[in-house]
Number of protein chains: 2
Amino acid sequence: MSTKSLTGASIAAVILSILSNGDSYGYDIINQVRERSGDEIEWKAGSLYPVMHRMQTNGWIEDYWHEPKGERRRRYYRITPKGVKALEKERKQWMTTHRLLLSLWTEAGFSPEVAQ
Amino acid sequence: MSTKSLTGASIAAVILSILSNGDSYGYDIINQVRERSGDEIEWKAGSLYPVMHRMQTNGWIEDYWHEPKGERRRRYYRITPKGVKALEKERKQWMTTHRLLLSLWTEAGFSPEVAQ
DNA sequence: TCTACACATATAGATTATCTATGCAACTTT
DNA sequence: AAAGTTGCATAGATAATCTATATGTGTAGA
């Protein structure tokens, strides 16, 4: 089983959500995830980039180069209308599973402050 | 990308959570998931059983046959102490990702009644 | 100026996870 | 007796993911 770091259900949702808050690039996305999760989620570049490329061929995101003089160039991504729809779908699925888990945890008597 | 029905992050958590509420068997787990999710999550037997077997080799669950006379036999599963620990870990990871998504969705201005 | 480190992107190859399709068999309902 | 539901299972194909590795630029400090 071995828990994966970039877990299927959430990768797309997280990336699309980040891009909904503004264009970004690979390295920055990794940092945002680490910072926003309080250092609990650490994505590897070697795992993220292939995912980004796949999302691009799906038409969910688009890229453009940003290369100001004297600065390192960065490949920025923006979310497309198709990506917005995909995110909406992912969001619904996530919440469906979340509600399922919450109901199971409540029944099992797990503490609400964690399951909140 | 194509969203998977038995998605990595949640399969183990859902199964272990169900077994925390009492022993169960494959077919019943599928039904519980369908009913509890309001028909939104439909797991296939062909996908579930291999997962159950894998969880068993991980030592997270144990099986035993239940075959009363005149009834179909069922392979029941119970969660092990190792499984309880695994669930606790999965639960934390799920909530970490959930909080991350909620924070991103709040920032993006998605309606709270969905993101709740 | 040399070195080390953070920044930034990328791919190949191996491994693992998952889906689809199919098979079997017993019980139950019509 | 036929059809449907219950119940478990695996093979083969496909897809997703990880590990390791590669490349190059800019910056800070010795």
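Each chain gets a letter, A, B and so on, in the order its sequence line appears, and its residues count up from 1.
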A/Arg91 bridged to A/Glu88 by N-O distance under 4.0 Å: yes
Quick one: which of [options] gets closest to the side chain of [X]?
X       : options               : answer
B/Tyr77 : C/dA10, D/dA9, C/dA8  : D/dA9
A/Arg74 : D/dC8, C/dT18, C/dA8  : C/dA8
A/Lys44 : C/dT9, D/dT17, D/dT19 : D/dT19

Send over the distance from [X] [atom1] to [N] [atom2], rounded to a whole Å.
X       : N      : atom1 : atom2 : value
A/Tyr64 : C/dA8  : OH    : P     : 14 Å
B/Asp28 : D/dC8  : CG    : C1'   : 14 Å
A/Leu48 : C/dT9  : CG    : P     : 9 Å
B/Ile30 : D/dG7  : CD1   : C1'   : 9 Å
A/Lys69 : D/dT25 : NZ    : C1'   : 18 Å
A/Ile61 : C/dT9  : CD1   : C1'   : 14 Å
B/Glu71 : C/dA26 : CD    : C1'   : 12 Å
A/Glu67 : D/dG24 : CD    : P     : 16 Å

Touch class at under 4.0 angstrom, heavy-atom based, for B/Arg75 against every strand present: sugar-phosphate
Sugar-phosphate only, base, or nothing, as touched by B/Arg72 at under 4.0 Å among non-hydrogen atoms: base
Test item: A/Ser47 side-chain N/O and A/Trp43 main-chain N/O as donor-acceptor pair under 3.5 Å: no
Any side-chain N or O of [X] below 4.0 angstrom from OP1/OP2 of [N]?
X       : N      : answer
A/His53 : C/dT11 : yes
A/Tyr49 : C/dA10 : no
B/Ser47 : C/dT18 : no
A/Arg73 : C/dC7  : no
B/Tyr25 : D/dC8  : no
A/His66 : C/dA8  : no

Upstream residue (5' side of DNA chain D) when A/Pro50 and B/Gly46 are each assigned their closest nucleotide: B/Gly46
Close side-chain approach of B/Ile18 and B/Val33, heavy atoms under 4.5 Å: yes
Student check: side-chain heavy atoms of A/Met95 and A/Arg99 closer than 4.5 Å: yes
Geometric class of the B/Trp94/A/Trp94 ring pair [parallel <30°, tilted 30-60°, perpendicular >60°]: parallel
